[in-house]
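Shown next, in structure tokens, is the structure this report addresses.
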Protein chains: 2
Amino acid sequence: MATPLDRPQPRFYVNCPTRPILDQIADKWSMMVMTVLEEPTRFNEIKRQLEGVTQRVLTQTLRRLERNGMIQRRILETTPVGVEYSLTPLGRSFREPFVRLYEWTLENSDEITRMQADYDARSAG
Amino acid sequence: MATPLDRPQPRFYVNCPTRPILDQIADKWSMMVMTVLEEPTRFNEIKRQLEGVTQRVLTQTLRRLERNGMIQRRILETTPVGVEYSLTPLGRSFREPFVRLYEWTLENSDEITRMQADYDARSAG
DNA sequence: CAGTATCCTGGGGGATACTG
DNA sequence: CAGTATCCCCCAGGATACTG
């Protein structure tokens, strides 16, 4: 037999479909954008909420999220022109499990920091 | 006023505590390791499940997860020596919201791929 | 088996300047 | 306001070889 039962195939092989997707929508900046976009928000307002991001990187992140169907881009007929970003239904459904992960991290950040200190102390010996 | 109510502080400022943590435990390979480690597993078995990972990167990933309290490392008294990795209670509690995110991605990967194609077609115009 | 040790490369992302 | 356009740097992670 080529693939006997007692020798299971890799579960997370190179072409696992989740990998390229999560690379695109769950990276550092995308996470923050998705969390901020609870309601429609303009470019510079997002930028302000994500203190530390550059225009270039924010633009890239927004394009990527738009391409993956997570957010919508809408041009406002103001002067000067404005652009508003908002979650799509798909993005909203993604946001649920996503925010749960975020909140878990927030709740457990102290505990994790403690574990890191313990580990480093042990390593230092 | 330094911080008036109509000009809220950034919610995801540079030192947001979740950022360095998620960088360490929710990156590409960590995600896969956490998903594989439903039960205690030995080094090379993990490596087989994650086809594509190099020894070096897997070792780094395991060390990082251990340092952050997600997994435990246990040496087996076999010949030659074996090492078994397993989730800690903290890691197990992380795994829950985490796997939900993974499953969402699996369920929606086709839809997302479609959105990407649509976007690219529009862009090509 | 479960790791180190080296070397190397791509691209994510920061800094900065310019524009419709 | 909401972006491009350049330049540059760092390091995650791949390839490969060696080992207690």
Side-chain angles (χ1 to χ4, degrees), chain A residues 7 10 12-16 19-33 36-37 40-68 71-86 123, chain B residues 7 10 12-16 19-33 36-37 40-68 71-86 123:
Chain A
R7 181 65 184 287
F12 300 95
Y13 45 90
V14 173
N15 294 320
C16 176
R19 188 196 285 190
I21 291 174
L22 285 166
D23 282 352
Q24 300 238 328
I25 65 179
D27 64 283
K28 185 177 71 178
W29 290 117
S30 296
M31 281 202 49
M32 308 219 169
V33 169
V36 163
L37 278 191
T41 313
R42 293 178 58 159
F43 184 88
N44 272 349
E45 179 57 25
I46 299 175
K47 187 167 185 301
R48 253 172 262 125
Q49 301 267 348
L50 304 191
E51 190 193 18
V53 72
T54 61
Q55 283 195 340
R56 173 187 155 79
V57 170
L58 181 54
T59 302
Q60 287 174 344
T61 302
L62 290 168
R63 290 289 174 282
R64 208 166 45 234
L65 288 174
E66 190 191 358
R67 177 168 183 269
N68 285 273
I71 64 177
Q72 260 165 349
R73 184 173 181 273
R74 188 179 138 231
I75 297 176
L76 306 174
E77 304 296 336
T78 56
T79 51
V81 69
V83 179
E84 190 183 79
Y85 292 91
S86 57
S123 301
Chain B
R7 180 67 184 285
F12 300 96
Y13 45 91
V14 173
N15 294 321
C16 176
R19 190 195 284 190
I21 292 174
L22 286 167
D23 282 351
Q24 300 239 329
I25 65 179
D27 65 282
K28 185 177 69 176
W29 290 116
S30 296
M31 280 201 53
M32 307 218 171
V33 170
V36 164
L37 277 190
T41 313
R42 293 178 59 159
F43 185 87
N44 272 348
E45 180 56 26
I46 299 175
K47 187 167 185 302
R48 253 171 263 124
Q49 301 268 347
L50 304 191
E51 190 193 16
V53 72
T54 61
Q55 281 194 343
R56 173 187 156 79
V57 170
L58 181 55
T59 302
Q60 287 174 344
T61 302
L62 290 168
R63 289 288 173 283
R64 208 167 43 235
L65 288 174
E66 189 190 1
R67 178 169 182 267
N68 285 273
I71 65 177
Q72 259 165 350
R73 182 172 183 275
R74 188 179 138 232
I75 296 175
L76 305 174
E77 304 295 336
T78 57
T79 50
V81 68
V83 179
E84 188 183 80
Y85 292 91
S86 57
S123 300

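Letters A, B, ... are given to chains in the order of the sequence lines, protein chains preceding strands, and every chain is numbered from 1. Just so it is clear, the values below take in all heavy atoms, side chains as well, and ignore hydrogens, waters and symmetry mates.
Here the closest heavy-atom approach between residue B:T78 and residue B:R42 is recorded as OG1-NH2, 4.5 Å. Nearest heavy atoms, B:R19 versus A:W29: NH2-CH2, 3.1 Å.
Across D:dA2, D:dC1, C:dG13, the shortest atom-to-atom separation from the side chain of A:F43 is found for D:dA2. The side chain of A:R48 lies closest to D:dC1, out of D:dG13, D:dC1, C:dG14. Looking at the side chain of B:Q55, the nearest of the listed nucleotides D:dG13, D:dC1, C:dA2 is C:dA2. The listed nucleotides are D:dG13, C:dG3, D:dG3; the one nearest the side chain of A:T59 is D:dG3. Listed nucleotides D:dT4, D:dA15, C:dC1 differ in distance to B:R42; the shortest reach to its side chain belongs to C:dC1. In this structure, the nucleotide among D:dG14, C:dA2, D:dG3 sitting nearest to the side chain of B:V83 is C:dA2. In this structure, the nucleotide among C:dA2, C:dG14, D:dG3 sitting nearest to the side chain of A:K28 is C:dG14.
For the pair A:L50 CG and D:dA2 C1', the interatomic distance rounds to 15 Å; values are reported in whole Å. Taking atom OH of A:Y85 as the reference point, atom C1' of D:dA2 lies 8 Å away to the nearest angstrom. Here C:dG13 presents its P atom at 13 Å from CE of A:M31, a figure rounded to the nearest Å. Distance B:K47 NZ to C:dC1 C1': 12 Å, rounded to the nearest Å.
Applying the 4.0 Å criterion to OP1 and OP2 of D:dA5, one finds that A:R56 has every side-chain N and O outside that range.
DNA chain C is contacted by both B:N44 and A:V57; B:N44 maps to the nucleotide lying nearer its 5′ end (nearest heavy atom per residue).
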(request) Both distances under 3.5 Å, Watson-Crick or G-U wobble: on that basis, could you give the dot-bracket string for DNA chain C, with [ ] for crossing pairs and | for other-strand partners? (result) ||||||||||||||||||||

